[in-house]
Participant: 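Structure below; questions to follow.
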Amino acid sequence: MAFFEQEIHDAPTTFLSKYVFSFDHKVIAKQFLWYGIAFLGIGGMMALLIRWTLAFPGEPFPVIGPMLFPHTGGVVPPDTYAMLFTLHGTIMIFFAITPILIGAFGNYCIPLLIGARDMVFPTLNMLSFWLAFVSAVLLLASLFTPLGGAAGGWTSYPTLSTLIGSAGVGQTLWCLSLFVLGVSSTMGAVNYIATIITLRAPGMGYFDMPLTIWGLWLTAILNAIFLPVLGAGLLLLTFDRVFGTTFFLAGAAATSGSGDPVLFQHVFWIFGHPEVYILILPAWGIVSDLLSFFARKPAFGAKATALAMTSITILSTLVYGHHMYSTQMSPLLTQSFMMLTMTISIPSAVFFANWLGTLWKGAIRFQTPMLFSLGVVFVFGLGGLTGLYLATVSTDLYLHDTYFVVGHFHYTMAASVLLGGFAATYFWFPKMFGRMMNETLGKWHFWISMIGLNGIFMGMMIIGHAGMHRRIYNPFVYEFLQNLIPLNMFITISALTMGAAQLFFVYNFVYSMFKGPIATQNPWEVGTLEWTIPSPAPHYNFKEVPVVKCGPHEFGNPNLSGKDFQYQTEELVRA
């Protein structure tokens, strides 16, 4: 229920106020979308450079290799390799996936799906984007410093990230960049939480919200609580690097009584494990809605799904220690963290079963957003099951820091979140731009991406199980790993295939913005509030604040005539 009147201000008229320093949540959403897609391209290219080095060690990267690395004839040098996997992880997590799912679709969906005219703090919203922009400038600037960008891994554990392991300015800029990005995300999180609590349309209870909003809301709560923890760790690391403090200095505890590199790991993973759910909860929420929309059935156990997501959010704050089994933690603590981590599988199984229940006997429409949603169901199933091996102390000690871990978290975070992001993009594109994307190109994009990503991440888990350690420039100097070279070539070819699939998306996205068929108000025949207004969504969204009278998943009501869905603004049709 809205606590105060939402005014309609005059539409901006200048280029700067309309497209650059806009207060409109829809414009800010598009700014985050372009920002995320640009970094998705940069991070993806870094992944291809890494994969090429592992499949063809010592051979120059085709075409652009000689331009990027002229002093080695196009071969990726070892120090650059360390920088590449550091920045690939950093960019994909913080600068690609986060802006697309949380920045773009959080900004776009929250006011529209809850019946609000904008965010509760529009100025804070605009500042949030421009702080994210400053953060990106700092990160990219680090690449042009004398010793290059950060090379301590995306987790940047000390001592790899202190002056002993990374002497250049690049690592310091990495810390500052993530600190500024954390401030930006915290501002966004506060805005999301306040908007959902205060600006829901009259009649919209919490369980009348689409599950997309549940995912974004829970994500914002985690961000508001745990980003300051990471920010504190990054500040202390910066102090160590710039001012000579010893918070994370190895051996300092023995000489001065304070300072421990493992302390940073605690701080990092207190934030880092909830971060997994920060990224994936919006995708889960979106997929939960889209499965219902395209199966033309009410979401099976929608309240249970929302409660399961809430339970996972709470449990995610208690399990960070499973990332640190190999740090010689107390056996009592490892057993506690193992038990808590296993407990997460219970609510996870609930909503996974609810997804299957939604699909069961549905009149499924296999349009592009639905295909990507089904892709999330498949890859999340694999990611969740393989996570059990890493949650268990005995198997984790064997698999720790191998490519099995890389395959697992890419299935869970990269594949699930990426496919969820594409599902959202194809689904809300008509409302964002007023035009439709090409279905045939979308389906080619989906199938080639699925073939590529399963080749990559399944292959990674196999070579990880065979003992191939990650982060090594040329693991094939070890004789026992040389028989894994063909499998690494297969993974790299799969990566190139997946990279090529994204060209379908880029062409489809850009072409459809200008030349795609004009979208109708409700092309998917869905009842949530954003589809009650014209496409693209007009200035300040709703001329009159809507009144909600039923849930978001009212499909297949036998008492309806002429259509199989109801808008949330319509009284529920009863016999």
Participant: Return all side-chain donor-acceptor pairs below 3.5 angstrom for residues 103-110, not counting sequence neighbours, or 'none' if the list is empty.
Facilitator:
unit_1, atom_1, unit_2, atom_2, d
N107, OD1, N125, ND2, 2.6
N107, ND2, G103, O, 2.9
N107, ND2, Y192, OH, 3.4
Y108, OH, K431, O, 2.7
Y108, OH, M432, N, 3.2

Participant: Using the benzene-type ring in the case of Trp, are the ring centres of F404 and H400 under 6.0 Å apart?
Facilitator: no
Participant: Can R200 be said to sit on top of Y206's aromatic six-ring, NZ or CZ under 6.0 Å from centre and within 45° of the ring axis?
Facilitator: yes
Participant: For the ring pair W154 and F268, is the centre-to-centre distance below 6.0 Å?
Facilitator: yes
Participant: Mind jotting down which residue pairs meet the side chain to side chain donor-acceptor pair (under 3.5 Å) criterion with at least one end in residues 369-386? Sequence neighbours excluded, please.
Facilitator: T386-H408
Participant: Between I491 and G459, which heavy-atom pair has the shortest distance, and what is it?
Facilitator: CD1-C, 3.5 Å
Participant: Please report the closest heavy-atom contact between H25 and R117, naming both atoms and the distance.
Facilitator: CD2-O, 4.1 Å
Participant: Distance from T528 atom OG1 to E554 atom CD, nearest 0.5 Å?
Facilitator: 12.0 Å
Participant: When you measure from the side chain of Q265 to the backbone of Y157, do you find a donor-acceptor pair of N or O atoms at a distance under 3.5 Å?
Facilitator: no
Participant: Can any side-chain N or O of N508 pair as donor or acceptor with the backbone N or O of M437 at less than 3.5 Å?
Facilitator: no
Participant: For K30, give me all partners under side-chain hydrogen bond (donor to acceptor under 3.5 Å, both in side chains), at least two apart in sequence or on another chain.
Facilitator: none
Participant: Work out which heavy atom in S416 is nearest to a heavy atom in V376; give both atom names and the distance.
Facilitator: O-CG2, 3.5 Å
Participant: Centres of the Y325 and F337 rings: under 6.0 Å?
Facilitator: no
Participant: Is the distance between the ring centroids of W355 and F378 under 6.0 Å?
Facilitator: no
Participant: Counting the benzene-type ring for Trp, do W214 and F207 have ring centres under 6.0 Å apart?
Facilitator: yes
Participant: Using ring centroids (six-membered ring only for Trp), state whether Y511 and F509 fall under 6.0 Å.
Facilitator: no
Participant: Checking ring pair (Phe, Tyr, Trp, His ring centres under 6.0 Å) against F95, which of F133, F32, W174, F39 comes through?
Facilitator: F39
Participant: Answer whether the closest heavy-atom distance between the side chains of F23 and I28 falls below 4.5 Å.
Facilitator: no
Participant: Quick one: are the ring centres of F226 and F271 less than 6.0 Å apart?
Facilitator: no
Participant: Centres of the F351 and W284 rings: under 6.0 Å?
Facilitator: yes
Participant: Is the distance from the ring center of F422 to that of F505 below 6.0 Å?
Facilitator: yes
Participant: Which one of F565, F372, W524, F555 satisfies the ring pair (Phe, Tyr, Trp, His ring centres under 6.0 Å) criterion with F294?
Facilitator: W524
Participant: Taking the six-membered ring for Trp, is the centroid-to-centroid distance between Y507 and W444 below 6.0 Å?
Facilitator: no
Participant: Considering all heavy atoms of both residues, which atom of L101 and which atom of G421 are nearest to each other, and what is their separation?
Facilitator: CD2-CA, 4.0 Å
